[in-house]
Amino acid sequence: MPELPEVEIVKQSLLNEVKNQKINKVNVFNRNLRYKIQKGFEDFFKNQKILNISRRSKFIIFHFKNKNYCILHLGMSGTLHLLKNDYPSNSTNLSFYQSKLLPKKHNHVVFYFFKFKLVYNDPRRFGFFKLIDSKYKLDNFFKPFFPEALDKKFNLDYIKNKLKYKSKNIKNFLLDQKFVSGIGNIYASEILYYCKINPLKKGKNLNIKDIKNIIKYTKIVLKNAIKSGGSSIKDFKNTKGKSGNFQKEFKVYDRDNLKCLKKSCNGIIKKIDINNRSTFYCNNCQK
DNA sequence: CCGTTAACCTGAGAGC
DNA sequence: TGCTCTCAGGTTAACG
């Protein structure tokens, strides 16, 4: 589900709601997420105050005292929900701001605070939690996911060297979190549209102008998406149950067979399959 | 090492 | 209504 902008919105919601709040108790109803929830997970949080919440690429990081951290990845369908405390833990249909029915069987982890609880719901269970007990291990964990799309290190020299001699197409590069982290399937198509680059163009065939455009529009697209509150296709909501609006600004994603939105372009948006992922592009202005 | 495929899992929606 | 099929915003082991 969530790419960098959506995860950023979730993080911001969490900062508003649970920063400096103490966790009284944690219940795990299903340990079988992408990686099994480890033994001792529940005890890790007992009476711990959440000192800060940050984000790296598509990961949310909860900070605790003594350099303890909990990393959360939302996978495709993971969501967090704030619920009032005086409902049974597996009752799901009341958030603070919006009544929304959520299949309670997918509530896998619940964090109890003084007046409310934070519920992790994830139908497909591609998300995961990971506990980390030192700053060194935290940095190590993120080492492969560098640079992040918004990082200054995602620059001309870096990209030029990485793409040199490579036959892999640029769409796949943008999705490769070890090449650049934070971009997912929606924003990869959107970014390449603004760059006027065909998603199948090989890494080695990108010219300097292409690369400069990728740097420029990666940042513009992601930042604008954050400003719009992220994209809500099916189930993305912030923790207040509010949807994002960026999907209204999609230029190519989910617009197959429609006209290119660029004035003076007579192209049609095509949908193709690249490595089992839907990819959208204009057949006229993306070369 | 490089690039591609299949697999992990459930639910929504289309088509019949 | 109900069955079957396809597809979904992510990642990664395994393969050639």
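Here the structure is a predicted model, which is why all the values come from computation and not from measurement. Throughout, protein chains are lettered first and strands after them, A, B, ... in sequence-line order, and every chain is numbered starting at 1.
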* To do: Searching all strands shown, indicate the nucleotide that pairs with dT11(C) (Watson-Crick or G-U wobble; both distances under 3.5 Å).
  => dA7(B)
* Counting only side-chain N and O atoms of Lys105(A), is one of them less than 4.0 Å from OP1 or OP2 of dT10(B)? -> no
* Asked: How do His106(A) and Arg34(A) order along DNA chain B: which one's closest nucleotide is nearer the 5' end?
  -> Arg34(A)
* Asked: Does the aromatic ring of Phe126(A) sit over the six-membered base ring of dT11(C), closer than 5.5 Å centre to centre and tilted less than 30°?
  -> no
* Asked: P atom, dA14(C) versus dC9(B): distance in rounded Å?
  -> 15 Å
* Is there side-chain contact between Ile71(A) and Leu138(A), with heavy atoms separated by less than 4.5 Å? -> yes
* To do: Tell me whether the OP1 or OP2 atom of dG9(C) has a side-chain N or O from Tyr187(A) closer than 4.0 Å.
  => no
Can you pull every protein N or O that's under 3.5 Å from an N or O on nucleotides 13-15 of chain C?
none

* **Output field: ring centroids Tyr69(A)/Phe141(A) closer than 6.0 Å** => no
* Structure fact -> note: Asn32(A), atom CG; dC8(B), atom C1'; distance rounded to Å ~ 12 Å
* Asked: Does any nucleotide pair with dA14(B) by Watson-Crick or G-U wobble geometry, both distances under 3.5 Å, and what is it?
  -> dT4(C)
* **Residue Lys11(A) excluded, over 12 heavy atoms near NZ under 6.0 Å** => yes
* To do: Take atom CG of Asn121(A) and atom P of dG11(B), then tell me their distance rounded to the nearest Å.
  => 10 Å
* Can you tell me the distance, in whole Å, between the NZ atom of Lys178(A) and the P atom of dG10(C)? => 15 Å
* **Distance below 4.0 Å between Arg125(A) side-chain N/O and dT10(B) OP1 or OP2** => yes
* Between atom CE in Met76(A) and atom P in dC7(C), what is the gap in whole Å? -> 13 Å
* Asked: Does Ser278(A) make a side-chain N or O approach to OP1 or OP2 of dA8(C) shorter than 4.0 Å?
  -> yes
* Structure fact -> His108(A) atom NE2 is separated from dC8(B) atom C1', nearest whole Å, by 14 Å
* Please check the phosphate of dA8(C) (OP1 and OP2 only) for any side-chain N or O of Arg277(A) closer than 4.0 Å. => no
* Asked: Looking at Glu8(A) and Lys227(A), does any basic side-chain N land under 4.0 Å from a carboxylate oxygen?
  -> no
* **Under-4.0 Å salt bridge between Lys143(A) and Asp139(A)** => no
* Spacing between Ile272(A) atom CD1 and dC7(C) atom P, to the nearest angstrom -> 14 Å
* Under-4.0 Å side-chain N/O to phosphate OP1/OP2 contact, Gln177(A) with dG10(C) -> no
* **Tyr253(A), nearest nucleotide to its side chain (from dG3(B), dT4(B), dA8(C))** => dA8(C)
* Is any side-chain N or O of His73(A) closer than 4.0 Å to OP1 or OP2 of dG10(C)? -> no
* Structure fact -> Rounded to whole Å, NZ of Lys171(A) lies from P of dG3(B) at a distance of 16 Å
* Grab the CG-P distance between Asp273(A) and dC7(C) for me, whole Å please. => 8 Å
* Side-chain N or O of Lys271(A) closer than 4.0 Å to phosphate OP1/OP2 of dA8(C) -> yes
* Asked: Taking the six-membered ring for Trp, are the ring centroids of Tyr187(A) and Tyr253(A) within less than 6.0 Å of each other?
  -> no
* Are Lys58(A) and dG10(C) close enough that a side-chain N or O sits under 4.0 Å from OP1 or OP2? -> yes
* **Lys160(A) and Asn155(A) side chains, donor-acceptor separation under 3.5 Å** => no
* To do: Measure from the ring center of Phe29(A) to the ring center of His108(A) and say whether it is less than 6.0 Å.
  => no
* On DNA chain B, check which nucleotide each of Asn275(A) and Arg124(A) is closest to and give me the residue with the more 5' one. => Asn275(A)
* **Ring centres under 6.0 angstrom apart (Tyr120(A), Phe129(A))** => yes
* Please work out if Asn276(A) contacts a base, only the sugar-phosphate, or nothing of the nucleic acid, heavy-atom cut-off 4.0 Å. => base
* **Atom P, compared across dG3(B) and dG9(C): separation rounded to whole Å** => 23 Å
